[in-house]
Enquirer: 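There's a structure below that I have some questions on.
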Amino acid sequence: MSEEVVQPASFAFDPESEAAIAQIVARYPAGRQASGVIPLLYVVQRQMKRETGSAWVPLKGMDAVAERLKMAPIRVYEVATFYFMFNMKPVGKFHMQVCGTTPCWLRGSDDVLKACKEAAGVTGYGQTSEDGLFTLTEAECLGGCVNAPILCVDDDYYEDMDYDSTMRLIEALRRGDRPVPGSVIGRQTSAPMGGPQVLTDVPGE
Amino acid sequence: MAKVTVDGIEVEVPNGASVLQACEAAGKEIPRFCYHERLSVAGNCRMCLVEVEKAPKPVASCAFPVNEGMKVFTDSEVVRRARRGVMEFLLINHPLDCPICDQGGECDLQDQAMGYGLDQSRYLEEKRAVKDKYMGPLVKTVMTRCIQCTRCVRFATEVAGVPELGATNRGENMEIGTYVEKALTTELSGNLIDICPVGALTSRPYAFVSRPWELRKTDSIDVLDATGTNIRIDARGGEVLRFLPRTNEAVNEEWMADRGRFAFDGLKRRRLDRPWIRRDGKLVPASWREAFETIAGKLGGLSGAEIGAVVGPLADAESTIALRDLMAAFGSTNLECRTDGAEIDPTRRDFYTFNTGIAGIDQADALLIIGSNPRTEAPVLNARIRKRAVAGGFPVGLIGPQGVDLTYAVQWLGAAGDTLRALATGTHPFAATLKAAKRPMLILGRGALVRPDGAAVLAAAWRIAVDCNMLQPDWHGFNVLHQFGGQVAPLDLGFTGGLSAGLKALWLLGAEPKQLPLDAFVIFQGHHGEAAAQRADVILPGAAYTEKDALWTNTEGRIQEGRLAVYPPGEAREDWKIIRAASEMMGKRLPYDSLEAVRARLVEANPIFGSAGFAAHGCSDLSGPMGDPAAVEDAPFVLPIANYWLADPISRASETMAECATVYGGQRALAAE
């Protein structure tokens with residue numbers, strides 16, 4: 001773990017988290033609550049987002065999960081550090097994850113990255129802008145290849161991005177807006193660009 | 001059973017066995033890093049690849065179950081190529097710093113690289129480096145050498161019962177460690193060093209001390225707890241450099257407790273290495289002759305009733321019998337070994353031994369622990385209990401301080417004598433649990449007998465054993481857990497007569513009685529002197545357990561032979577020889593001049609010394625020890641070992657143990673409360 005991270009002295013689940021935990025734990029049979037470790041880590045990360053504006057999982061939060069699920073703390077650390085979805089150190093208000101894997105890269109993720117750096121004022125991957133608003137992370141395949149390139153902000157996917165749309169998105173975020181997630185070129189789910197190409201006529205109609 | 005053909009050799013192995021086990025049954029050695037027969041199977045090192053007929057690619061033999069009629073090839077070209085590939089990958093990020101690595105010469109990776117490694121690397125890129133972790137004062141880490149077999153993670157979680165180690169991060173960044181910096185809270189951490197197949201976890205006290213081929217290896221027995229762990233003493237010249245456990249399935253499997261392993265530097269410090277005699281109130285150095293003459297002059301004028309002998313917890317059987325014979329020559333019956341004041345009934349051997357046997361724990365199905373913390377009194381034995389507890393269907397009840405972490409689930413029944421009484425009368429609900437079990441057992445800590453009503457505690461424990469069906473013709477569930485390796489032999493040799501009042505002379509064989517008669521002439525014989533040596537009139541320097549050929553009786557009553565690894569320092573001598581020489585000076589010459597003759601005398605004194613000392617046995621005579629089970633008082637049970645790291649004179653002289661006590665002291669004291 002990196003030493004420079006300032007860990008909070010304590011962590012306690014708030015009522016909203018408690019409600020979520022009750023729902024999650026109830027999914028698993030008695031004695032198998034440890035299965036809920038990943039959802040509970042998300043609960044911690046979201047609570048941190050609510051409380052501090054930065055979605056990350058502090059050490060005390062992992063300990064709280066371990067205690068709640070009756071696991072050894074190290075087992076929670078192992079899971080939390082394995083998945084890149086859990087931030088082990090504070091991130092900016094907006095966590096931008098740029099997918100740089102082959103399909104996104106072929107469709108212009110370099111432009112998206114460039115726009116992110118310019119508009120958000122972030123120097124590179126793993127960095128946070130000076131105003132503390134934006135953190136840039138390189139993501140491996142986000143699984144949205146058909147609508148590549150993808151820019152994931154916090155939990156929302158913005159699809160079919162290019163340089164200009166990325167600039168606009170970041171400006172909007174900066175203004176406090178939250179544009180509707182999904183394809184920015186109006187694509188219907190993952191249908192072909194420009195509308196359906198096959199099965200356009202309904203037989204018998 | 002499944003028939004498997006390994007390289008043309010047909011073997012039969014149980015269904016569910018792994019291919020690796022089948023290969024071993026056929027006498028084929030399979031290289032491995034992550035696989036360890038006492039740990040769960042991880043299957044992540046891929047070194048044990050073998051070819052199986054009709055399988056499309058090599059399979060990891062440690063994790064692949066056998067099939068009827070399976071044909072396995074362990075030395076085909078496919079296998080060799082596969083293993084060479086695995087080895088090349090393992091070595092990519094390995095620093096290859098063997099010349100400065102403490103594992104060098106006994107490293108699995110080094111050995112197997114000789115078989116499957118390339119003579120030069122094809123890897124020209126940067127190697128990864130990993131920051132070293134702090135794992136306490138005993139385990140040194142060089143994590144760049146780690147090949148991530150996760151043996152240590154599995155050992156800590158499964159055997160030691162302290163899930164504190166893990167693999168954090170992933171891929172290239174994966175690291176083994178505790179994540180938050182802390183010393184491992186286990187008394188078995190030295191075993192991590194043994195199971196680590198590379199030089200990532202090595203012994204901190206042994207760092208840069210020696211190479212394995214320089215060492216003289218002596219098989220011996222650990223006496224710093226009563227488990228009787230089989231050890232190998234590695235020495236160079238006249239110096240003991242390290243202890244390693246030896247495999248003995250019936251006793252320690254292949255584990256060893258940290259105090260036994262690391263306290264040996266206490267054998268080099270604060271030693272009594274020459275005789276001393278008290279002149280004008282001050283102890284002054286003397287020669288053996290002067291010391292013996294002083295003793296002879298003093299004891300010569302005394303009658304047997306005025307002389308006594310006390311044996312301490314680290315004394316061997318040979319010196320004990322020699323001292324007994326010497327006392328008999330004086331006509332003295334003032335013999336004692338229970339310096340801690342434990343009310344042990346020596347009339348029957350099964351009143352004071354671990355009758356179930358350490359291996360017998362595996363067969364038990366319920367356990368009651370009375371006034372003992374096996375984790376600190378016998379960590380390896382505790383790991384055995386844990387193994388049984390993890391297997392399930394093993395309720396464990398504890399009467400003793402609340403909040404003691406034994407590394408397995410324990411039902412805390414109560415802290416004091418009233419709970420014991422309730423169990424003895426059958427009114428406590430846990431009695432029903434014990435009665436429902438087929439092979440219940442109880443462990444009575446020796447410390448539980450150190451109280452004014454000790455005899456009643458012993459009787460109450462026996463009463464529970466009788467009432468809860470622990471004593472069967474083929475099962476003996478009554479166990480006393482001692483604390484040190486020399487505590488059972490003197491009981492076998494009748495050092496239980498008690499000391500009469502008004503003794504004029506007292507011979508202490510490594511013993512530290514709580515109170516010494518004020519005006520008595522005290523002879524202290526031993527290797528480390530504490531309060532009793534300060535008070536002594538004559539000090540005779542004896543040999544520690546690494547420095548003599550001697551028999552040791554563990555808590556089971558099992559008699560095992562320890563061998564001389566180095567000679568005693570200075571003028572110190574083997575203890576039975578000192579007593580033999582003193583007897584001659586006093587004109588009461590003992591009739592033996594060789595170790596064989598002393599051992600023959602031991603067998604004559606108690607035929608048990610002619611046997612292994614322990615065999616699985618039942619109990620047909622249910623009549624209990626003296627004492628009234630109803631007379632147990634309400635006082636709480638006090639654990640005898642307050643600080644695990646400083647429990648005996650050798651450990652108290654050890655710098656390693658002092659450091660452990662500093663590091664672990666605080667949290668261990670809290671855990672005991």
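Chain letters run A, B, ... following the sequence lines, proteins first and then strands; every chain starts at 1. When reading the values below, keep in mind they use all heavy atoms of this one structure, side chains included, and skip hydrogens, waters and symmetry mates.
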Enquirer: May I ask you to check whether over 12 heavy atoms, not counting those of A/E171, lie within 6.0 Å of atom CD?
Expert: yes

Enquirer: Is it the backbone or the side chain of B/V153 that comes under 4.5 Å from a heavy atom of chain A, or both, or neither?
Expert: side chain

Enquirer: If I measure from the heavy atoms of chain A, does B/T178 come under 4.5 Å with its side chain, its backbone, both, or neither?
Expert: backbone

Enquirer: Pair A/R75, B/T157 - check side chain to side chain contact (heavy atoms under 4.5 Å, CB included), show working.
Expert: CA-CA 10 Å; A/R75 298 282 97 85; B/T157 308; 3.3 Å; yes

Enquirer: If you count heavy atoms of other groups shown closer than 6.0 angstrom to NZ of A/K93, is the number above 12?
Expert: no

Enquirer: Please round to the nearest 0.5 Å and tell me the distance separating atom CG of B/L165 and atom CD of A/E78.
Expert: 9.5 Å

Enquirer: Might you confirm whether atom CD of A/E67 has over 12 heavy atoms from other residues, nucleotides or ligands at distances under 6.0 Å?
Expert: no

Enquirer: Taking CZ in A/R32 as the centre, count heavy atoms belonging to other residues, nucleotides or ligands within less than 6.0 Å. Is the count above 12?
Expert: no

Enquirer: If you look at every heavy atom in B/N169 and A/T81, which pair is closest and at what distance?
Expert: N-OG1, 2.8 Å

Enquirer: Would you indicate whether B/F89, at its atom CZ, is surrounded by more than 12 heavy atoms from other residues, nucleotides or ligands within a distance under 6.0 Å?
Expert: no

Enquirer: Do you know which two heavy atoms are closest between A/Y83 and B/R170, and how far apart they sit?
Expert: CA-NH2, 4.2 Å

